[in-house]
Every structure is written in C-alpha cells, then in structure tokens.
Amino acid sequence: MTTVPLTRRARPLVAARRGMLSGPGWLPWVLLLPALLFALMFKFIPMVEGLRMSLFKVQPFLGDQWVGLENYRTVLTDSRFRSALGHTLLLGIGQTVGALVLGFLLALLLEGQTRSLWVLRTAIFLPVVTAVAVIGEVWRILYFPTETGFVNSIAGWFGLGPFGFLNDPDQALVSVMVVGVWTAAPYNMVIILAGLAGIDRTLYEAAAVDGVSRWQRIRYIVLPGLRPAISVLLTLAAIRSLRIFTEVFVLTGGGPAGSTEVWMTRVFSLGFQRNDLGVASAASTLLLLVTVVLTLGMRLLTRQKESGS
Amino acid sequence: MRISPRRAAAALSAMALVGSLSACGGDDSAGDAGAPLEFWTRSGPEGATTYKAILAAFTAKTGIQVNYQGVLEFDTQLQTKASSKKLPDLWVNDASLLGTYQGQGYTTPVEPGQIEGGDAIDAATWQQNKGLDGQLYGVPYSRQAFGTLVRVDWRKKLGLPQPKTWDDLTALATAFATKDPDGNGKKDTYGMVVPGSSKNGYIGWWGISYIWQAGGDILAPAGEGKYKSVINSPQTRTGLEFIRRQFCTPGNVVPGSLNLTTSEAPFFQEGKAGIYLTGPYAFGTYDKILGKDKYEVVPMPKGPVSTTTLGDGENIYFGAGSQKSDEAKKLAAFLISPEGQEIGMKAEESKYPTVRLPVNRGVDVHKVLGDPRWDLIQKQYLDDTKTFVWSIKFQPIRQALGEGVNAMMSSCDSDLDAGLKKLDQAITAELKAQDVLG
C-alpha cells in the first residue's frame with residue numbers, strides 16, 4: 001500500500017480529530033476487543049477450520065484422513081455442482097438486475113419530502129425486515145399451483161394460468177427469483193433514495209432551463225449521480241447472490257427435479273444429509289475464493305471508472 | 001513491522017480471553033463423569049413431553065439425573081457435537097441411521113447381555129441392529145409399520161368401499177378430489193398427502209412401499225456384506241408408474257407436493273386431503289385435531305405383487321467417548337423395560353407416542369392401548385414389512401432415491417427408463433464410495 005502525503009488542508013483536520021479522541025493509545029483496541037473476539041470465534045477460527053477440513057476426509061471419531069486436493073477435484077468434476085453453479089449465477093444476475101431496476105423505479109416514485117411518502121416507504125421497506133424463512137412460507141402459499149392459489153387467481157382474471165410456479169421445474173427458478181427481487185428491491189430503494197438526495201438540485205433546474213426530456217434527465221444527471229450508490233449495491237448483491245440459501249431452501253429445498261438447486265443447498269445436502277463434511281468444506285472454500293475475487297474485481301472496476309470519470 | 005509493547009499486550013490479552021472462552025464454551029455434560037447423563041432424541045415438543053415422562057419415572061426409580069434434549073434438526077446438531085468430540089452419552093434416532101453412525105465411529109457396540117432386560121427383546125429384532133462388522137450397534141427401542149389412513153366420513157358419504165387394490169386407491173383419491181366430499185360446494189379437497197420433496201429423501205421414504213408392492217427394490221445383497229443396486233427393474237418401473245399416475249391425475253395428490261416435507265404437509269389434519277400413507281405416531285395428533293371418528297386405518301391396498309409396507313423403527317445409540325456408559329446402559333434398560341415402553345406408548349400428556357410397537361415381548365399392544373388401529377399396524381408389521389438396509393450408510397442412498405424419484409415425478413412425460421438408469425448409476429456410485437459394492 002502506498003502512503004499519500006497529507007495535504008496542508010488535511011493536516012490540521014487530522015490533528016483536530018486526534019485531539020477529540022485523546023486518550024491512551026490502547027483505548028481503541030479495548031473498545032474493539034469484544035467485536036474482534038466474536039469475529040475470531042465465529043468467523044476466523046471456523047474459516048481456518050473449514051480450510052483444514054477441505055483437505056481431509058472428515059470423521060471425528062475415526063481420525064480425519066488426509067486427501068489433499070481430492071475434495072476440490074470432486075466438487076469441480078461433479079455435474080450437480082456445475083448445474084448448481086449455473087442456477088446460482090442465473091438467480092444472482094436475475095435478482096441483482098431485477099432488484100436494482102425495481103428499487104430504482106420505487107425510489108423515483110417515492111422521492112420527496114411529503115409526509116405520506118414516509119408511510120408508503122415504510123410499508124414498502126417491510127420485506128427487508130421480515131425473516132426470509134417467513135417470506136418463503138408466505139410466498140409458498142401465494143404460489144399455490146391451482147386456480148384457487150392467490151397469484152393464480154389474479155392471473156385468472158386476465159385469462160392466464162393456472163401456473164405451476166414452484167411445482168414446475170421450468171418455472172421454479174424464475175418463481176424463486178421473483179421472491180428474491182421482491183425481498184431485495186426495497187433495500188436498494190433506500191440506498192438509491194439516499195443517492196438521489198445527494199444530487200445537486202441546481203442541475204435539475206439548469207436542465208429544465210435547457211428543456212431536456214425526462215429520460216435525458218435520468219440518463220445524464222440521475223444515473224451518473226447514482227454511480228457510487230449503484231456500485232455499492234452491485235458489490236453487495238454479487239456477494240449475497242453467491243451465498244443464496246434460505247429462500248431456496250424454504251421455498252423448494254432445491255427441487256423439483258433439482259431445478260432450483262444452488263451452490264449452498266448442494267453444500268448443505270452434502271455436509272448435513274450425506275455427512276460428507278470434507279467435500280462440503282471444499283465447496284465452501286471455493287465459494288469464498290470466488291466471492292473474494294469477485295468483490296476485489298468489482299472494487300477495481302468501479303475504482304477505475306470513478307478515477308476515469 | 002515492529003510490534004509495540006502496547007500492541008503485544010493487547011493481542012496477548014485478547015488471546016488469553018479467547019482461550020478462556022474456548023475452555024468454558026458450551027454447557028456440554030457429555031463425557032464429564034460428574035455431570036448428569038446427556039440424552040438426546042430427534043423430537044419436537046410433543047415427543048419431548050413423552051420422553052420427559054419416561055425420564056421422570058427413571059430418575060424417581062434410580063436417582064440418576066438426566067440432561068435431556070429433544071432436538072428437531074437432529075443430524076445437523078449431532079454433527080456439530082461430533083466435531084467437538086462431545087457426543088451425548090446416548091440418543092434415540094431412526095434405526096436406518098445405524099450404518100451411518102457405526103461407519104463414522106459415533107456409536108459403540110453393545111451385547112444383549114450387557115443391558116438388563118435385553119433378553120426380553122426378540123433375537124431377530126436384535127439382529128436387525130447388526131453392523132457391517134458383525135457387531136450389534138444400538139438397542140432396539142421401538143418398531144413400526146407405515147399405514148394407510150383414510151377419511152372415513154368422506155368415503156362413506158361418497159358411498160365407496162375401503163380400498164383393497166391400487167386401482168381402488170386411485171379411484172378413491174380421484175373421488176376425494178372431484179366429488180366434494182366435505183360438501184362445502186368448493187373444489188378444495190384432494191386425494192393423497194405426499195411429502196414429495198427430495199430433501200432428506202422424503203419422497204423415497206413415502207414411495208418405497210409402492211415400489212416394493214410392485215416387486216421392485218433398491219438394493220440386493222451380493223454376499224460378504226456387499227450390496228448391488230437393483231433399482232433399474234421393470235417392477236420398480238411399475239411402482240413408479242403408479243406413483244406418477246397419482247401425480248398426473250389432477251387432484252389425486254395435493255398440488256405442490258414435490259416441494260413438501262412431512263412437517264410442511266398438514267393437509268390431512270386440516271381436512272384438505274383424504275388419504276395419507278404415514279407412520280402410526282400421527283394417530284394421537286389426528287385424534288386431537290381431526291377427531292378419532294373422522295378417519296380409519298385400512299389394511300394396505302394390494303399392488304401387483306404384495307401388500308408390503310415400510311417397516312421402520314428407532315434405536316438407542318451409545319455415544320463414543322462417553323464416560324458414563326454404565327448409567328447410559330441403565331437408562332437404556334429402563335427405556336426398553338415394560339414400564340418405560342408403556343409410558344412411551346400411552347403418551348398420556350402429549351398423545352404423541354415415542355414407542356410405537358414395543359420391542360419388549362412382555363408388552364402387549366392390545367392390552368396397553370386397546371385400539372384396533374394399533375392392532376392392525378402390528379399385524380402389518382409382523383406379516384408384511386420390509387426395511388431399508390440399516391447396516392450400510394443408508395442415508396445417502398435414501399437421498400439419491402429421493403432425488404431420482406422427485407425428478408421422475410416432476411413431469412408427466414419424463415423418461416422413466418432414463419430416470420431409473422441414472423438413479424441406478426447414482427446408487428452404484430454411492431455403494432462404491434462406501435466400499436460395499438458387490
């Protein structure tokens with residue numbers, strides 16, 4: 001890491017901050033200690049243990065057997081993992097794009113200071129604070145695959161359906177995706193709303209004087225202004241979509257016919273139903289590596305764009 | 001980088017604190033000679049209530065304290081305990097997990113003579129618990145046969161007889177779905193409840209009776225403790241065709257069943273479906289919610305070959321590494337004693353029996369329960385049941401079976417022959433991985 005010399009303007013600021021937090025140098029460490037301990041116990045030690053297990057045939061009472069990279073080979077050559085990866089990527093891309101577009105539209109609709117908007121925003125935000133398991137149960141009822149099901153009865157008004165939704169291997173993945181978009185869009189909406197508030201209003205006024213259309217205003221003012229917010233959302237969505245589990249597990253358990261099996265449901269099935277913790281750990285480690293690479297890549301890409309712009 | 005003394009002190013104190021946390025982490029009593037006996041069962045709140053009644057009688061009699069836990073996500077939790085090498089002193093779970101536990105070294109072998117009252121259990125029942133190495137693992141605790149439950153009020157209202165064959169069963173399911181048996185004027189009733197998810201191999205568990213009734217099977221012995229897959233047979237295909245006929249006749253199976261596990265399929269007690277092939281442990285709950293007079297248990301309808309149904313059970317397993325094996329054996333002796341078995345069968349408070357059919361020869365089902373439904377289940381168990389292969393790690397095989405059958409039922413046009421071939425390959429690969437392929 002290269003150190004950047006402090007500018008003249010920054011030096012007094014840093015000194016002022018140091019003054020505000022004056023105290024013994026170990027104080028920040030003591031304050032951080034509880035969080036560090038929890039991270040160590042529940043994140044880093046299990047992570048290292050997972051790495052170790054991925055190199056062994058795990059059998060605690062008979063002694064673990066060293067198998068080297070065999071577990072990784074098993075994962076990479078397993079066709080079920082390959083199809084799970086395909087489903088994970090499809091779900092990830094679909095949910096990310098869907099939730100971003102829907103969140104953006106919701107934010108545009110609900111931007112403003114009016115009191116009633118706050119009520120509406122809170123109502124729309126509810127899926128984010130609801131437990132995913134509960135969301136899954138509710139959507140399973142909504143998706144009931146006969147004409148008496150809630151969504152099917154609405155589709156019936158338009159002469160459509162009844163659809164199989166989660167019961168049909170051709171529709172199950174899209175049905176899960178819709179639930180994901182519904183759950184994530186309100187969160188995106190809040191971030192985008194914050195981004196919208198940061199855009200200089202005088203730009204809108206100037207644009208109005210120039211007589212630009214609504215679309216041109218979105219294209220040339222709103223979207224460039226939202227770039228930092230969108231970059232954060234994309235990074236978070238990429239990580240979240242790779243480790244997607246609860247929605248799928250509650251809604252379909254990976255079925256029917258494995259049509260919604262994702263990377264983590266396969267890991268769960270191998271680890272806890274087939275008792276193959278070594279291979280499950282190898283698959284988890286690969287997921288960690290991909291996540292790190294993807295996150296760093298995304299940061300690099302957005303940093304380049306930001307510095308280039 | 002130079003580490004300042006202050007930083008080093010902070011890091012050391014952090015590590016010391018972590019060390020102390022690790023040392024006192026958890027409230028595990030297993031393996032600790034001074035702590036109460038740790039006993040787990042795979043149970044929800046109702047089953048746990050029944051176990052607590054048995055344990056209260058045990059502690060009153062022996063003075064031995066038991067730290068009991070009814071665990072729902074049992075296998076996950078047991079693995080966590082195994083990873084830290086602190087298994088419970090003993091636990092009760094499915095008999096079909098015997099090979100899995102033995103193969104992973106979770107359980108210790110046992111001889112009938114080591115358990116007081118062990119001679120009250122049939123030699124044949126003991127022999128069911130033989131592992132691949134020829135030793136016995138686990139004490140038999142309970143046995144059962146799956147039974148067909150039918151909404152008797154619906155059946156009588158529609159003027160239909162008890163189903164005696166597969167065709168009768170199909171016709172009854174169709175009638176329940178189409179002839180408004182609850183008389184509410186709405187098309188909101190269905191034929192069969194099917195836990196059809198591939199999760200944990202549920203659909204394999206439910207459907208295996210029909211495969212056996214058609215003369216099909218999953219595995220066959222190949223000598224010297226080895227097995228081969230026999231799933232890809234015309235007989236299994238016949239069984240799967242029957243199952244698919246139910247899935248593909250609208251309403252014969254509750255819609256959405258391909259994603260349901262037993263805990264997510266309350267349609268029988270809710271009055272939405274009229275037929276359920278399930279274990280007799282459900283009687284108490286259904287008596288409470290639905291009413292004893294609303295449903296009947298019928299003899300298994302006959303398939304092309306037989307009326308065979310899934311026989312299953314629960315065993316008491318002794319945890320490896322336990323320092324309280326004497327006390328664990330005393331608890332096992334009480335669990336299989338006439339007193340322990342009767343409390344488990346009657347389930348007076350929860351109505352959820354943890355002992356289904358007693359393993360103790362001295363306990364008479366009819367005398368204890370006086371219920372013709374239980375007499376029928378016992379007759380079915382003695383006359384015509386088959387079990388999974390318990391000595392090998394059967395859980396992965398059941399998982400493969402569940403995934404294969406789930407896939408074949410997901411489309412009415414799926415290629416059953418190709419599906420069976422794929423399933424055969426998956427089971428063969430699993431047998432090979434376990435080194436039991438003959």
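Lettering of chains follows the sequences in order, A, B, ..., and the numbering in each one begins at 1. Just so it is clear, the model here is predicted, and its values are computed rather than measured. Scope of the values below: all heavy atoms of this structure, side chains included, with no hydrogens, waters or symmetry mates.
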Under 4.5 Å from any heavy atom of chain A - which part of B:Asp75: side chain
Between B:Gln104 and A:Asn275, is there a side-chain heavy-atom distance shorter than 4.5 Å? yes
Using a heavy-atom cutoff of under 4.5 Å, enumerate the residues of residues 58-76 of chain A that contact chain B, numbered in order, or state 'none'. A:Pro60, A:Phe61, A:Leu62
Check each atom of B:Ala426 against the heavy atoms of chain A and say whether the ones under 4.5 Å are side chain, backbone, both or neither. neither
Under 3.5 Å, is there a donor-acceptor pair between the side chain of B:Asn259 and the main chain of A:Leu166? yes
The side chain to side chain contact (heavy atoms under 4.5 Å, CB included) partners of B:Phe247 (sequence neighbours excluded) come to B:Val194, B:Ile203, B:Ile243, B:Val253, B:Ser257, B:Leu258, B:Met409
What residue in B:Glu73, B:Glu264, B:Arg398 has the most heavy-atom pairs under 4.5 Å with chain A? B:Glu264
Let me know if A:Ser269 has heavy atoms under 4.5 Å from chain B in its side chain, its backbone, both or neither. side chain
Taking every non-hydrogen atom, the tightest pair across A:Thr146 and B:Pro255: CG2-CG, 3.2 Å
Residues in residues 411-420 of chain B that sit under 4.5 Å from chain A, counting heavy atoms only: none
Rounded to the nearest 0.5 angstrom, the CZ-CG distance for A:Arg274 and B:Asn200 is 14.0 Å
Contacting region of A:Leu270 [heavy-atom separation from chain B under 4.5 Å]: neither
Output yes when a side-chain donor or acceptor of B:Lys199 lies under 3.5 Å from a complementary backbone atom of A:Phe249, and no otherwise. yes
Among residues 254-263 of chain A, residues within the sub-4.5 Å heavy-atom range of chain B, in order of number, are A:Gly255, A:Pro256, A:Ala257
For chain A, which of B:Lys393, B:Gln395, B:Gln79 has the most heavy-atom pairs under 4.5 Å? B:Gln79
Would you find more than 12 non-hydrogen atoms of other residues, nucleotides or ligands less than 6.0 Å from B:Asp435 atom CG? no
Against chain B, work out which of A:Thr265, A:Thr148, A:Leu277 has the most heavy-atom pairs shorter than 4.5 Å and name it. A:Leu277
Might you confirm whether atom CZ of A:Phe245 has over 12 heavy atoms from other residues, nucleotides or ligands at distances under 6.0 Å? yes
